[in-house]
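Please read the structure below before turning to the comments.
A, B, ... follow the sequence lines: proteins, then strands. Residue 1 opens every chain. From a predicted model like this one, the values you see are computed outputs, not experimental measurements.
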2 protein chains.
Amino acid sequence: MSNMNASPALVRTGLGDQIRQVLIEGITSGRWAPGERIVERRIAAELGVSQAPVREALRHLEALRLIETLPNRGARVRDFTDEDLAEVFPVRAGLEETAADLAVHRMAGQVEGLEVHIARLAAATDRDEEMRHSIAFHREIVEASGNRLLRSVWQSLGIEVWTALSLKRRGTELCGKAAEHAHITEAFRRGDPGVGRMVHDHVMSYAP
Amino acid sequence: MSNMNASPALVRTGLGDQIRQVLIEGITSGRWAPGERIVERRIAAELGVSQAPVREALRHLEALRLIETLPNRGARVRDFTDEDLAEVFPVRAGLEETAADLAVHRMAGQVEGLEVHIARLAAATDRDEEMRHSIAFHREIVEASGNRLLRSVWQSLGIEVWTALSLKRRGTELCGKAAEHAHITEAFRRGDPGVGRMVHDHVMSYAP
DNA sequence: CGATTATCTATGATCGATCATAGATCAGTG
DNA sequence: CACTGATCTATGATCGATCATAGATAATCG
């Protein structure tokens with residue numbers, strides 16, 4: 001790499017990963033406007049790397065639906081509609097309901113993992129931290145399902161990113177849900193078979 | 001490409017796509033054994049292309065969980081466990097339940113799309129064709145949900161491939177389910193709100 | 001002057017070569 | 001002979017350059 005300048009170092013841990021982070025940050029922060037073209041060579045030049053790892057990063061962004069690409073025509077930042085933002089909730093709800101139903105058996109009343117996140121959520125000081133702990137609570141349920149495919153699919157939704165976009169778009173309040181988290185945890189503790197539906201409805205309550 | 005020989009032509013429509021097809025075919029057919037290493041350069045040489053499109057194809061296979069890769073250590077064909085094969089059903093069930101609940105409203109009793117697939121399934125002559133029409137029935141439900149994210153996630157499960165692997169592993173009978181498909185279609189026709197659960201249970205009935 | 005076609009330009013897709021890393025192999029030392 | 005470290009080998013990761021395509025632009029013709 002003929003890089004004796006350029007952006008903050010880019011430490012060695014897989015250029016593709018780092019470039020992806022830069023691009024995600026750029027898109028969520030709004031530095032790259034929706035609809036704006038993303039030219040592989042330009043990004044490569046700006047970051048002082050070559051085209052290949054940029055392409056790799058772009059494929060990840062495409063999987064996250066942050067960009068859209070046309071064959072031989074390149075990529076552009078998606079123009080997220082309210083519908084795009086809304087579509088994620090039924091999918092999450094379905095996946096997390098499944099996860100909860102699977103998890104409730106495996107947890108056998110052991111809900112420490114969930115309680116940790118509730119505590120951290122309560123201690124959160126800013127909106128961003130609040131969001132991350134809330135998401136971590138849900139991720140804990142998915143992890144507890146023991147279904148690796150389910151985890152992988154849920155992860156691939158990129159909840160953090162889309163939630164951040166939702167918050168940016170309209171100031172969706174996601175607090176005030178702490179009580180529901182506690183109720184859900186109690187349902188897990190007593191092995192309530194209705195916990196799946198409970199989680200489902202909880203997730204849908206975030207939807208606009 | 002210094003290719004004046006090599007495998008059947010490889011027509012021009014995106015090398016990555018074609019290579020992916022070749023690899024999927026090779027893995028599902030068992031020509032590539034589970035655990036076997038997949039060396040980018042070797043594939044490239046065999047197909048008379050370069051490393052880049054092979055890498056692209058491999059990333060797709062990774063997303064389909066057909067291969068696993070270690071950083072700097074390359075890819076190998078996954079050694080599918082029975083658990084791997086089983087994990088897909090709860091995920092499908094959750095997604096398709098969501099899809100059905102969304103679709104039942106949009107369809108408003110118009111179930112022609114579903115009936116087409118039932119008819120084709122009945123007319124199927126071999127096991128493979130049967131499988132594809134059965135899957136098409138389920139895809140129709142997902143499409144009818146109108147939720148593009150849901151469709152995208154469902155597609156990314158690569159149902160065809162995994163079903164084929166299931167059939168190969170143990171001779172899972174997936175026929176005899178025609179009756180259930182008809183029942184589900186009827187539920188859609190009358191707008192039965194219980195259709196989601198019905199689809200869920202139907203999908204789970206395929207599980208081992 | 002408007003429609004059609006050849007050319008140009010930007011850029012994605014692909015290529016062949018180089019760099020970097022993980023293991024394997026081998027040499028040296030006690 | 002076992003252990004430590006240098007070297008070698010295979011191969012993924014990355015690079016710089018070339019090829020191919022889409023759209024824009026200019027040239028040609030009626």
Side-chain angles (χ1 to χ4, degrees), chain A residues 1-23 26-27 32-33 35-63 65-78, chain B residues 1-23 26-27 32-33 35-63 65-78:
Chain A
M1 160 187 350
S2 58
N3 177 9
M4 44 3 8
N5 54 347
S7 54
L10 287 195
V11 206
R12 274 286 163 184
T13 122
L15 286 182
D17 295 340
Q18 301 173 237
I19 296 170
R20 180 175 73 235
Q21 274 313 115
V22 170
L23 292 178
I27 291 176
W32 305 73
E36 189 167 339
R37 283 242 296 159
I38 297 192
V39 179
E40 297 178 356
R41 280 167 152 129
R42 191 145 59 80
I43 308 291
E46 286 174 10
L47 298 180
V49 299
S50 100
Q51 197 182 348
V54 175
R55 279 180 69 89
E56 175 161 339
L58 288 183
R59 278 200 294 257
H60 276 280
L61 296 199
E62 195 177 4
R65 304 175 314 289
L66 289 177
I67 63 175
E68 53 192 355
T69 66
L70 295 156
N72 291 313
R73 307 263 276 81
R76 63 182 58 235
V77 180
R78 278 194 57 194
Chain B
M1 165 187 347
S2 59
N3 176 10
M4 60 313 69
N5 54 348
S7 54
L10 285 196
V11 205
R12 275 287 162 183
T13 132
L15 287 184
D17 295 339
Q18 301 174 237
I19 296 169
R20 182 174 73 235
Q21 274 312 115
V22 170
L23 292 178
I27 291 176
W32 305 72
E36 188 166 340
R37 281 202 35 166
I38 297 192
V39 179
E40 297 179 356
R41 280 168 156 133
R42 191 144 60 81
I43 308 291
E46 286 174 11
L47 298 180
V49 300
S50 100
Q51 196 182 347
V54 174
R55 279 180 68 90
E56 176 161 338
L58 289 183
R59 278 201 296 265
H60 276 281
L61 295 198
E62 196 178 1
R65 303 174 314 289
L66 290 177
I67 64 174
E68 52 192 355
T69 66
L70 293 156
N72 290 311
R73 308 261 276 81
R76 64 182 58 234
V77 180
R78 277 195 57 194

Inset, instruction - For A:Glu62 and C:dG12, give me the distance from atom CD to atom P, rounded to whole Å. - result: 13 Å
Is there any protein nitrogen or oxygen under 3.5 Å from a nitrogen or oxygen in nucleotides 5-11 of chain D, and what are the pairs?
none

Legend entry - 5' precedence on DNA chain D between B:Ile38 and A:Pro71 (nearest-nucleotide basis): B:Ile38
Inset, instruction - Can you tell me the distance, in whole Å, between the CG atom of A:Leu58 and the P atom of D:dT14? - result: 14 Å
Legend entry - Spacing between B:Leu15 atom CG and D:dT21 atom P, to the nearest angstrom: 11 Å
Legend entry - Whole-Å distance separating the CG atom of A:Leu47 from the C1' atom of D:dA13: 17 Å
Legend entry - Qualifying residues under side chain to side chain donor-acceptor pair (under 3.5 Å), relative to A:Glu62, sequence neighbours excluded: A:Thr69
Legend entry - Whole angstrom value for the distance that separates P of D:dG12 from CD1 of B:Ile43: 10 Å
Inset, instruction - Take the protein atom CG of A:Leu70 and the nucleotide atom P of D:dT21, then report the distance between them rounded to whole Å. - result: 17 Å
Inset, instruction - Could you pull out the closest heavy-atom pair between B:Trp32 and B:Val77, with the gap in Å? - result: CB-CG2, 4.0 Å
Inset, instruction - List for me each residue that meets salt bridge (charged side-chain N to carboxylate O under 4.0 Å, His left out) alongside B:Arg78, sequence neighbours excluded, and say none if there are none. - result: B:Asp84
Inset, instruction - Using whole Å, report how far CD of A:Gln51 lies from P of D:dC19. - result: 15 Å
Inset, instruction - Round to the nearest Å and state the distance from B:Glu68 atom CD to D:dG12 atom C1'. - result: 16 Å
Legend entry - Any residue meeting side chain to side chain contact (heavy atoms under 4.5 Å, CB included) with B:Arg37, in chain and number order, not counting sequence neighbours: B:Val39, B:Arg76
Legend entry - Residues in side chain to side chain donor-acceptor pair (under 3.5 Å) contact with B:Glu40, at least two apart in sequence or another chain: B:Gln51, B:Arg55
Legend entry - Those residues that, when tested against B:Arg42, pass salt bridge (charged side-chain N to carboxylate O under 4.0 Å, His left out) (two or more places apart): B:Glu46
